[in-house]
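Since the structure is predicted, the reported quantities are computational estimates derived from the model, not experimental observations. All chains are named by letter (A, B, ...) in the order of the sequence lines, taking the proteins before the strands, and each is independently numbered beginning at 1.
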Amino acid sequence: MTNAEIVDRLELTGRLMELHDYDAFKIRAFSSAAFNLDKSTADLANLPVEELVKLPGVGKSVAHKIREIVETGHLTDLDNLLAETPEGVMEMFRIKGLGAKKIRTLWHELGIDNLRDLQLAGENGQIAKIKGFGASTQEKILNSLMFLQEQKGKVRMDRAAMLANVLHDELANHFKRVDITGQVRRKAQEVDTIQLLIETSDPVGAQRYLNGLPMLVQNEQESSPFAWRGRMEGSDVGIELLMFPADQIDRQLFIQTAAEPHLQQVGSANVSLLQAALTVPNASEEGIYERAGLPFIVPEMREDEFAFRWASHHQNDELVTWDDLRGTLHNHSTWSDGKQSIADMAAYCRELGLTYFGIADHSKTATYANGLDVDRVRAQHAEIDQLNAQFGDDFTIFKGIESDILGDGSLDYDDATLATFDYVVASVHQTLTMTIEKATTRLLRAIENPYTTILGHPTGRLLLAREGYPIDHRAVIDACAYHNVVVEINASPYRLDIDWRWIDYAMERGVMLSINPDAHDLAGLLDMHYGVAVGRKGGLTKTMTFNALTLTEMKAYLQKRKKR
DNA sequence: GCCGTTTTCGGCCCGACTGTTTTCAGTCG
């Protein structure tokens, strides 16, 4: 039982108590316990009640609930609440703008207990008529429903990779060769089908074996003699297992990895040569591109015609790799909402072979995240100075901040305070509903601020959960070029923002991109792998990667920029 | 339900923003 699983159950209990109109302070106790424990590094599953009650937000009652969760895997209170709540009502929590109170009203006043009825009520204008609701809320609900429908059956790349690896390892026990291909190999940020190639000369026997695996649930209608289709137990995302004899696997690896537009592009480039290349036995991927007279395209980039435009003036070895990264710049610590101390985060960075660690905790407006007021900024800088004094010339902690971009585009500290940082990541965290004009103007103002070093998660999107605010990407990137601002590739698999499709335009305009993990704990630093993946997808070169600068280069860059 | 004492019960309580109000409830990060 992990901390996250315990926290999720407490959080859900609080939310359902609110839905069922429990006492507000009792609800608060559960949510605040969840909120506090989410940031805890204690091993909750192995703490006795007397230790649990010492943790902030945990009293006797919650401590016993935690023990119950750990020992039985269940929480009776939660099970009872769930039994009283229709599944469709639970799904309504995924609608943006709907919280427990509004859902309760919709459920009790209109009898809505599923998303289909919610949509009908919205389309009929019934929602706008309820007291406390209006036309605007109704429209927001309908928009959110539409967004959710588009995301159905998809998972983020981190979960897709995890599931694909589990499946790969299981199948590799039985089959001679198994390859992950399709969207996962292409490093798609969202995946609707996890696809694997299986080498076999006995597809009938292979199907029989697959259907005997408890982790797989077949969709018989979708399947065929050479293609097993279905899903994994406990997951909605589609699974496709394609069976081929040994001499066809490499060629299929090429065909199945490529997105349709990429295949078409290869075909239209030279149909006859490609056909010839594809019919050669044991054709390798390199051989296929070579025989078709085309440059080799790395798997990540096999989406559309962009790859060939990129390849016309770049070499594959220019693409950024994990080993090119020299440091990391957007990270949180226990000073705001991170789980680990600056010292522990920095130590882990050194273990990873990085040479600098930039701390960019939340700024004062982000009160929910324990953002730093001016006094705490000073105190944090003193701590960083002390830590830096212990390092040699080979490692440095930089003093950064993730300063909130306020509604009018200004940053949330005065210039004197901003001047005390080595660098500033400027990010939007509130007022996410804006027109494209307003959102763009707001970002442009933040970019114009002489203290802004990096523009953080430019659209604020959360993959599969929230559309970002609309922005004029060209105008924003052009402004970054003019004002010498770096653009973040937020590497959290929840964000991956800026989208990889804009990387090439940024590079063209001379704008560097920073692969920023937005890490809130040690493991979060490894999210830079996802940033590298989407960076490569967008053709990001090592030379245009901000955090591929060496420590000496980074120090010089930040110093020079401060003097402007 | 948690906390912190005025040590056994009273007070707890992010703030900005939105949309709905006409003074505020609900949501969000």
Side-chain angles (χ1 to χ4, degrees), chain A residues 10-11 13-19 21-39 49 52-66 68 75 77-78 92-107 109 127-141 143-144 332 336-338 361-373 376 402-410 412 427-435 438-439 442 456-457 459-462 465-469 490 492 494-495 497 518 520:
Chain A
L10 293 175
E11 202 271 333
T13 307
R15 197 149 24 127
L16 288 178
M17 289 195 304
E18 196 175 3
L19 179 71
D21 210 10
Y22 280 48
D23 172 70
F25 289 114
K26 196 170 166 178
I27 296 164
R28 191 194 307 281
F30 275 82
S31 352
S32 103
F35 180 78
N36 282 296
L37 293 176
D38 190 35
K39 291 188 293 182
V49 168
L52 287 169
V53 293
K54 291 180 190 164
L55 299 169
V58 180
K60 227 161 132 188
S61 171
V62 170
H64 279 103
K65 309 278 183 213
I66 294 173
E68 186 191 346
L75 183 58
D77 292 352
L78 177 57
M92 286 161 71
F93 278 105
R94 293 171 61 204
I95 306 288
K96 289 288 146 195
L98 285 188
K101 300 245 172 74
K102 284 210 164 101
I103 292 173
R104 187 170 73 215
T105 307
L106 289 164
W107 182 19
E109 291 203 13
I127 294 176
K129 289 182 202 156
I130 312 174
K131 188 173 158 62
F133 291 63
S136 177
T137 304
Q138 180 170 272
E139 200 191 326
K140 208 171 161 187
I141 291 171
N143 285 338
S144 183
H332 300 268
S336 65
D337 62 349
D361 269 314
H362 285 286
S363 57
K364 65 176 182 186
T365 312
T367 46
Y368 62 92
N370 195 22
L372 277 61
D373 61 23
R376 293 181 68 228
E402 184 178 20
S403 183
D404 271 21
I405 301 174
L406 303 177
D408 64 356
S410 60
D412 64 342
S427 309
V428 167
H429 285 115
Q430 68 265 322
T431 320
L432 304 169
T433 316
M434 289 174 284
T435 61
K438 196 183 161 201
R442 184 180 181 186
H457 44 69
T459 75
R461 74 176 181 187
L462 291 178
R466 180 177 79 202
E467 268 181 300
Y469 37 83
N490 190 295
S492 161
Y494 287 80
R495 293 186 182 269
D497 182 15
D518 202 351
H520 287 71

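Whole-Å rounding puts the A/Asp404 CG to B/dC14 P distance at 18 Å. The separation between A/Leu462 atom CG and B/dC28 atom C1' is 11 Å, rounded to whole Å. Going from atom NZ of A/Lys96 over to atom C1' of B/dG29 covers 10 Å, rounded to whole Å. Distance A/Ile103 CD1 to B/dC28 C1': 14 Å, rounded to the nearest Å. Rounding to whole angstrom units, CD1 of residue A/Ile405 and P of B/dC17 are separated by 14 Å. Here the P atom of nucleotide B/dC2 and the CG atom of A/Leu52 are 12 Å apart, to the nearest Å. If you measure from atom CD of A/Gln430 to atom P of B/dG29, you get 11 Å, rounded to the nearest angstrom. The distance from atom CG of A/Asn143 to atom C1' of B/dT27 is 17 Å, rounded to the nearest whole Å.
Checked against B/dC17, B/dG15, B/dG1, the side chain of A/Thr367 finds its nearest nucleotide in B/dG15. For A/Tyr368, taking side-chain heavy atoms from C-beta onward, the closest of the listed nucleotides B/dG1, B/dT27, B/dC14 is B/dC14. Comparing B/dG29, B/dC2, B/dG19 by their closest approach to the side chain of A/Thr137 singles out B/dG19. Of the candidate nucleotides B/dC28, B/dT18, B/dC2, B/dC2 has the atom nearest to the side chain of A/Val62. Closest to the A/Lys101 side chain, of the nucleotides B/dT27, B/dG19, B/dG29, is B/dT27.
Taking atom C1' on both B/dT5 and B/dG10, the two are 11 Å apart, rounded to the nearest angstrom. Distance check on atom P: B/dC14 versus B/dG4 gives 15 Å, rounded to whole Å. Taking atom P on both B/dT23 and B/dG29, the two are 30 Å apart, rounded to the nearest angstrom. Using P as the reference atom, B/dA25 and B/dT20 are 16 Å apart when rounded to the nearest Å. B/dT8 sits 14 Å from B/dC2 when the C1' atoms are compared, rounded to a whole Å. Comparing the C1' positions of B/dG11 and B/dA16 gives a spacing of 25 Å, expressed to the nearest Å. Going from the C1' atom of B/dG26 to that of B/dT21 covers 13 Å, rounded to whole Å. Distance check on atom C1': B/dC3 versus B/dC13 gives 13 Å, rounded to whole Å.
Looking only at side-chain heavy atoms (C-beta outward), A/Leu406 and A/Gln430 come within less than 4.5 Å of each other. Side-chain contact between A/Tyr469 and A/Thr431: absent, with no pair of heavy atoms (C-beta onward) separated by less than 4.5 Å. No side-chain heavy atom of A/Lys140 sits less than 4.5 Å from a side-chain heavy atom of A/Thr137.
Nucleic acid contact for A/Lys140: none, since no nucleic acid atom lies under 4.0 Å from a heavy atom of the residue. Using a 4.0 Å heavy-atom cutoff across all strands shown, A/Ala135 reaches sugar-phosphate atoms only and no base atom. Contacts of A/Leu406 with the nucleic acid, taken as non-hydrogen atoms under 4.0 Å apart, are absent. Heavy atoms of A/Ala100 sit under 4.0 angstrom from primed sugar atoms or phosphate atoms, though from no base atom.
Side-chain atoms of A/Arg28 and base atoms of B/dC13 include a donor and an acceptor less than 3.5 Å apart.
The glycosidic torsion of B/dT8 lies within 90° of 0, placing the base in the syn range.
Phosphate proximity of B/dG19 to A/Ser136: present, with a side-chain N or O under 4.0 Å from OP1 or OP2.
Where A/Ser32 and A/Val428 meet DNA chain B, the nucleotide closest to each residue was compared, and A/Ser32 sits on the side nearer the 5' end. Closest-nucleotide positions on DNA chain B for A/Gln138 and A/Ile27 were compared, and the one nearer the 5' end corresponds to A/Ile27.
The distance from the CZ atom of A/Arg495 to the CZ atom of A/Arg461 is 10.5 Å, given to the nearest 0.5 Å.
Using the six-membered ring where Trp is involved, A/Tyr368 and A/His362 have ring planes that are tilted, between 30° and 60° apart.
For A/Thr365 and A/Asp412, the side-chain atoms include at least one donor-acceptor pair closer than 3.5 Å.
B/dT8 makes up no base pair with any nucleotide shown, lacking Watson-Crick or G-U wobble contacts both under 3.5 Å.
Stacking between A/Phe25 and B/dC12 is shown: the ring centroid lies under 5.5 Å from the centre of the six-membered base ring, and the planes differ by under 30°.
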**Report entry** Candidate pair A/Glu402 and A/His457, rule side-chain contact (heavy atoms from CB on, under 4.5 Å), full reasoning
**Finding:** CA-CA 11 Å; A/Glu402 184 178 20; A/His457 44 69; 3.3 Å; yes

